Structures are given as C-alpha cells and as structure tokens.
Amino acid sequence: MKKNKFIRNLLIGLAIVAALGVYYYVTIPAINIHSSGTWGAIFLIIGILMLFSLAKYFKKNAESTVEGISKLQFRIKDTSLMFKILGIAMLLLCAVYGIGYLLSSPFFNAAKYQKLLSIEERNFTDDIKEVDYQTIPLLDKDSAAILGNRKMGSMVDMVSQFEVTSDYSQINYMGKPVRVTPLTYASPIKWLTNQRNGIPAYILIDMTTQDTECVKLAEGIKYSKGEYFNRNIYRHLRFRFPTYIFAEQIFFEIDDEGTPYWVCPVKKFNIGLFGGQTIGRVVLCNAQTGECTDYAVEDVPTWIDKVYSAELLIDLYDYSGLLKHGYWNSLLGQKDCLQSTNGYNYIALDDDVWVYTGVTSVSGDQSNVGFVLMNQRTMETRYYKVEGAIEDSAMSSAEGQVQNLGYRATFPLLLNIADEPTYFMALKDSAGLVKKYAMVNVQKYQWVAIGDTLKECEKNYTELLSTNGIVSSMAEEQKSITGQIKSISSIVLEGNTHYYICLENSDDIFDIDMQDKSLIQIVKYQIGDRVTFEYLDEYGLNQVKAIK
C-alpha cells in the first residue's frame with residue numbers, strides 16, 4: 001500500500017514538473033525579479049500546490065456518512081498546515097508585487113521619470129540641412145508593404161511556399177533609407193517542408209526610388225519569428241539568455257554586406273521593480289547561424305540603426321514634457337506641460353535613423369511649439385523650437401487641395417527647404433498607392449504646394465515661397481551659359497524623360513525636363529550645335545529653364 005502511494009505521489013510530482021516545463025517552453029518568461037512573467041509563473045506554481053494540498057486534505061478527511069461530510073464543510077480551522085503556509089505566501093507575494101508596482105509608478109517618482117531622457121535644444125537650420133532628395137523616403141510602411149507583396153507575387157519559385165512578414169524596418173543602407181523585412185513560411189505545412197533549408201530571402205525596398213528587390217541568400221534564415229520550436233528567435237534568445245527581459249519589439253536589419261540579423265534590445269528598469277524602462281543591453285543575433293553577440297547599449301556597432309523603438313522614445317519624451325512640475329500638475333494645473341503629437345516619422349541624419357514627432361501643449365490648441373528628433377541607436381534627443389501647425393492640420397490642408405480626388409495624406413516628414421521648416425507628405429488613393437506629393441509650410445500651413453512628382457512639388461513650393469517673399473524670385477537666380485553641345489543623353493526618371501547635356505566650355509551637366517513643353521525644341525539640336533541655356537543651379541544639378 002505504501003509502495004503504491006509512493007509511486008502515485010511520484011507520478012503526480014513528475015506530472016507537475018512536466019506541466020511546468022511545458023509552461024516555461026511555451027511562455028518562455030525571463031527568470032528575473034523585474035519580469036511580470038516570472039511573477040506570473042510563481043503565482044501559478046503556488047496556486048497549483050494549494051489546489052493539490054486542498055485536494056489531499058479533502059481526501060484524507062472525507063467521511064462516508066452525511067455527518068462526516070457536514071463536519072468537513074464547517075470545520076474551517078482543520079485545513080492543512082501546508083495550505084495555510086501557501087496561502088500566506090501567496091498573499092505576501094501579491095502584496096510585494098502590488099506595492100512594487102505602485103512604488104515604481106510616476107505617482108511616486110515623477111522627478112525620476114522626468115529625467116529619464118536628456119534633451120538638448122538645438123537650432124533647426126544648423127542641424128537640418130537643405131534637403132537632399134536622394135535621402136527622402138517617399139513611402140510609408142503601408143506603401144512599402146504593398147510593394148513588398150507585389151514583388152513577392154512575382155516570385156513564382158517562392159510565392160507558394162513563403163509570404164512577406166510585416167516587419168519592414170526602416171534603416172540606412174548604403175547611404176539611403178530602405179525598408180527590410182524577411183519572408184516567412186506560408187503555413188505550418190510549408191514550414192515542415194522548408195525548415196531544413198530555412199527562409200531563402202528577404203525583401204529590400206529603396207524608399208527614395210521605390211525599387212523593390214527580393215534578396216536571395218546563399219544560406220537560408222534559420223532563426224526567425226516564423227519558426228515553431230528551438231529555432232524560434234524568441235525561444236533561441238531565452239535559452240541563451242534566461243535572465244534577460246527582451247523588449248517587445250526586436251528588429252530585423254542587415255549589415256553593410258547584406259547579412260541578415262536580429263537586433264534584440266534588453267530592457268533596463270531604472271525605477272523600482274517595474275518602472276523607468278529604457279534599454280541597457282543589446283543582443284545581436286545572426287539570423288542565418290543563430291550566433292549571438294551581447295553588447296552594452298553604448299557599445300552597439302554603428303551600422304545598427306534601431307535599438308530604441310519609436311514608441312519607447314515617445315513615451316520617454318512625454319514623461320519629460322508632462323512631469324516638469326510633478327505628477328499632480330500633469331493632471332490638474334498642467335503648467336508648462338508639453339506632449340508629443342499623435343504620430344511620428346523617420347529622418348535619416350548623420351547616418352542614423354531618428355524618430356521625428358511634433359511637440360504641442362496639452363491644451364489641444366492645434367499648434368506645435370516645436371519638434372524633437374530622437375536617435376534610435378543612442379537615445380540622443382534634440383529639441384527644436386519651431387512654432388507652427390500640428391501635423392494633422394498640415395495633412396488636412398494638403399488633402400483639401402485634392403479633395404475632389406479623395407486622396408489621403410501620410411504622416412509628414414520634416415524638411416528644410418530654403419531654410420523654411422516644411423512638412424512633406426505623400427498623397428495616396430483608396431488603394432494605398434501614392435498619386436501625388438505635397439509640401440506644407442510649418443508656420444504658414446495654408447501655403448500648400450502639390451505635384452505629381454517630387455521635383456514638380458518642390459518647384460511649385462519654391463515658387464510659392466518666392467511669391468510670398470520668403471526666397472528670391474526665380475528670375476533673379478537664373479544663370480546663362482552659351483556653348484557647343486559636347487554630348488546628349490536621355491533618361492527616364494519617375495516616368496518622365498530628361499535630356500542631360502554637356503557643353504564644350506563647361507564641366508557641368510545640364511538637365512532638361514521634357515515635362516516643360518517650352519523646352520521641347522531640344523530634340524532639334526545635335527552634337528556640335530551652339531546653344532544658350534538659362535538655368536538654375538539646384539542642389540548641384542543645373543536645371544534648364546529656357547533654351548535660346
């Protein structure tokens with residue numbers, strides 16, 4: 001009898017251990033006092049032990065008579081000692097968790113939260129140079145996803161087995177803003193038949209030209225979010241770093257050679273048990289081999305662009321802006337309280353990716369007092385005092401110019417055009433396709449320029465500024481040159497034909513945009529002909545405005 005009891009208890013114990021093992025394998029909580037998953041696992045274990053203790057007590061004390069059962073129902077004091085101990089432990093842990101959560105909150109630590117982010121005030125025209133159109137991302141994430149899915153649909157050798165993920169991380173690659181995202185298995189069955197070789201490619205989208213490439217790899221991606229067991233990237237990281245609390249977002253990036261990696265930020269809690277979250281370390285995982293390298297956040301390689309998520313940076317800024325004079329002021333008086341606007345975008349600056357968002361008062365007066373740029377690799381934050389319309393107002397103003405077409409504006413980028421802070425946005429149709437571009441002056445948001453192409457939009461905006469006396473007139477800036485034609489080349493850019501002309505007496509290249517019908521006569525000229533150009537020197541390229 002005792003032997004059977006021992007075996008039964010042993011089997012029960014093994015079943016509990018196995019269940020906990022499965023729970024850990026599926027939920028993969030960090031073994032860390034700052035992790036809510038760890039506390040949840042402890043509560044679960046104690047709860048299971050309490051249930052078994054209670055069941056054992058009932059079984060031991062149950063009587064076959066009605067009188068015995070009645071006594072069992074009312075003799076509360078006879079509960080087992082183990083059950084009491086576990087109950088007390090559960091209450092104590094709940095109290096510690098609740099108090100720890102409360103003492104980590106901004107209510108008790110407003111000053112500490114306010115100082116999590118260091119903000120430097122800078123001058124707009126000093127930092128944001130006049131726009132280089134080769135570095136402007138013309139697409140947002142949704143438009144990139146349309147291009148990515150379209151490209152995948154053309155890959156007949158892979159489309160039935162794989163699909164495109166929704167990551168689309170924006171990074172700087174070879175000096176240009178691009179979005180990258182891996183493929184993933186189309187279904188569990190497709191995973192079963194393809195997982196030996198891994199995922200064969202990723203999608204690369206040039207955000208300036210909209211060129212989309214499916215980059216095929218010599219060695220497949222073996223560690224990804226689409227794997228089901230030990231090669232699942234989250235499980236792979238957990239088994240390598242059991243105490244690390246990884247951020248909710250890990251980022252897919254490629255290095256300068258195009259090798260795919262997962263950039264995995266590790267949370268750091270600066271206030272109490274659960275408060276003041278920033279990033280303390282970064283694990284870089286090779287997506288092909290699974291090899292991991294652990295860095296302190298300040299030692300992260302410079303080719304990595306995304307360590308801090310945009311959402312985390314904006315939360316940190318809001319703490320800084322709202323809690324200047326304490327917690328209660330942020331709710332009641334709200335003196336000097338500032339907050340980010342309801343959106344963000346990305347700017348390529350100093351070979352890093354910076355999050356841009358406007359800054360407004362909490363009064364909801366539909367105006368910005370400035371904007372901030374926040375570096376996604378270093379957390380460096382710069383504030384620029386530029387008063388003007390909030391992004392929503394600028395978007396509505398741009399949409400109003402094309403209201404008959406029903407186009408919708410993307411969240412704007414902030415550009416410097418003629419030293420004027422300018423919102424730039426794409427206008428998309430109901431299918432999500434970019435149809436036009438818009439530029440809106442930040443301080444005078446009724447000044448709106450629309451164009452079918454980026455160049456046309458910029459031209460219309462510059463003329464708008466000239467009309468309002470912001471920049472010199474176009475005629476005053478035009479230059480003239482006369483010479484014999486040395487070479488003529490034609491090229492199609494953004495669907496429009498351009499002629500590039502070189503003259504014998506000049507090293508410059510002259511661009512003739514055939515959209516301008518007044519320049520159509522260039523087709524009559526040949527090499528050796530003498531010609532006079534009236535032109536503008538715009539960003540290093542001579543734009544011909546008249547031919548004589």
Side-chain angles (χ1 to χ4, degrees), residues 21-22 24-28 141 144-171 173-174 178-207 211-242 244 246-265 282-295 301 303-306:
V22 171
Y24 178 78
Y25 190 82
V26 172
T27 62
I28 51 176
K141 184 176 181 179
I146 292 173
L147 292 179
N149 290 330
R150 185 183 299 165
K151 183 65 176 180
M152 190 63 200
S154 68
M155 305 299 293
V156 293
D157 57 330
M158 290 189 286
V159 68
S160 65
Q161 302 298 308
F162 301 94
E163 57 189 27
V164 186
T165 66
S166 60
D167 290 62
Y168 288 101
S169 301
Q170 182 167 323
I171 63 173
Y173 179 64
M174 309 301 287
V178 303
R179 285 190 182 267
V180 289
T181 191
L183 305 184
T184 191
Y185 305 102
S187 69
I189 298 298
K190 305 299 173 60
W191 166 81
L192 188 63
T193 56
N194 291 283
Q195 59 89 26
R196 177 185 294 274
N197 295 321
I199 296 168
Y202 58 83
I203 297 293
L204 173 68
I205 301 175
D206 188 321
M207 302 294 283
D211 291 338
T212 305
E213 181 182 1
C214 183
V215 181
K216 296 184 179 181
L217 299 165
E219 179 182 355
I221 295 174
K222 302 288 181 63
Y223 296 84
S224 70
K225 299 175 183 178
E227 295 287 344
Y228 287 95
F229 296 105
N230 286 12
R231 282 182 6 198
N232 177 276
I233 183 60
Y234 296 106
R235 193 163 288 115
H236 177 68
L237 293 170
R238 173 58 60 234
F239 293 160
R240 291 289 303 273
F241 305 95
Y244 281 9
F246 289 98
E248 287 76 14
Q249 291 187 51
I250 64 174
F251 306 106
F252 183 80
E253 291 200 34
I254 56 176
D255 66 10
D256 294 337
E257 286 72 43
T259 304
Y261 285 89
W262 293 102
V263 180
C264 312
V282 175
V283 173
L284 184 63
C285 178
N286 186 305
Q288 295 170 303
T289 66
E291 180 183 356
C292 293
T293 308
D294 185 12
Y295 295 97
W303 65 263
I304 292 176
D305 290 313
K306 300 177 82 71

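Bear in mind the structure is a predicted one, so any value in this text is a computation, not a measurement. Note: hydrogens, waters and symmetry copies are ignored here, and every other heavy atom, side chains too, is used.
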Are Asp167 and Lys306 within salt-bridge range, i.e. N to O under 4.0 Å? no
Which heavy-atom pair separates Thr289 from Glu219 by the least distance, and what is that distance? CG2-OE2, 4.0 Å
Can a donor-acceptor pair be found, under 3.5 Å and without considering hydrogens, that links the side chain of Glu253 to the backbone of Asp305? yes
Cation-pi, Tyr25 ring and Arg235 (6.0 angstrom, 45 degrees): yes
Minimum heavy-atom distance between Ser160 and Ala186, given as atom pair plus value: O-CB, 4.3 Å
Looking at side-chain heavy atoms only, is the closest gap between Asp294 and Arg240 below 4.5 Å? no
Which pair of non-hydrogen atoms, one from Tyr202 and one from Pro182, has the smallest distance, and what is that distance? CB-CA, 3.9 Å
Working note: Leu284 + Tyr295, criterion side-chain contact (heavy atoms from CB on, under 4.5 Å); need CA distance, chi angles, decisive distance, verdict. CA-CA 8 Å; Leu284 184 63; Tyr295 295 97; 4.0 Å; yes
Would you confirm whether Tyr244, through its side chain, and Leu237, through its main-chain N or O, come within 3.5 Å as a donor-acceptor pair? no
For a 4.5 angstrom cut-off between non-hydrogen side-chain atoms, does Phe162 reach Asn194? yes
Arg150: salt bridge (Lys or Arg N to Asp or Glu O under 4.0 Å) partners, not counting sequence neighbours: none
Main-chain N/O of Ala145 paired with Asn149 side-chain donor or acceptor, under 3.5 Å: yes
Looking at Ile203, Thr212, Asp206, which hits side-chain contact (heavy atoms from CB on, under 4.5 Å) with Leu147? Thr212
With a 4.5 Å heavy-atom cut-off, do Thr184 and Glu163 have their side chains touching? yes
Below 4.5 Å, heavy atoms only, C-beta onward: do Thr259 and Ile254 meet side chain to side chain? no
Can you classify the ring geometry of Trp191 versus Phe229 as parallel (below 30°), tilted (30 to 60°) or perpendicular (above 60°)? tilted
Nearest-0.5 Å distance, OG of residue Ser166 to NZ of residue Lys225: 7.0 Å
Minimum side-chain heavy-atom gap Val164-Lys151 below 4.5 Å: no
In terms of ring plane angle, is the pair Tyr261 and Trp303 parallel, tilted or perpendicular, where the classes change at 30° and 60°? tilted
So Tyr168 and Ile205, do their side chains get closer than 4.5 Å, heavy atoms only? yes
Which heavy atom of Arg196 sits nearest a heavy atom of Lys222, and at what distance? O-CE, 3.5 Å
Closest non-hydrogen contact found for Lys216 with Met158 is CE-CE, 3.9 Å
To the nearest 0.5 Å, atom CG of Leu217 lies from atom CG of Asn197 at 12.0 Å
Quick one: pull up CD in Gln195 and NZ in Lys190 and give me the separation to the nearest 0.5 Å. 15.0 Å
Side chains of His236 and Cys292: closer than 4.5 Å at any heavy-atom pair? yes
Would you please name every residue forming a ring-ring contact (aromatic ring centres under 6.0 Å, His included) with Phe246, sequence neighbours left out? none
Heavy-atom closest contact (Tyr185 atom, Gly198 atom, distance): OH-CA, 3.5 Å
Atom pair OG1/CG of Thr165 and Leu183 - distance to nearest 0.5 Å: 7.5 Å
Pair Trp262 + Phe252: ring centers closer than 6.0 Å: yes
Point-to-point distance, once rounded to the nearest 0.5 Å, from CD of Gln161 to OG of Ser187: 8.0 Å
Approximate separation, where rounding is to 0.5 Å, of Tyr173 OH and Asp256 CG: 7.5 Å
Within a strict 4.5 Å, meaning less than it, do heavy atoms of the Ile233 and Ser224 side chains meet? no
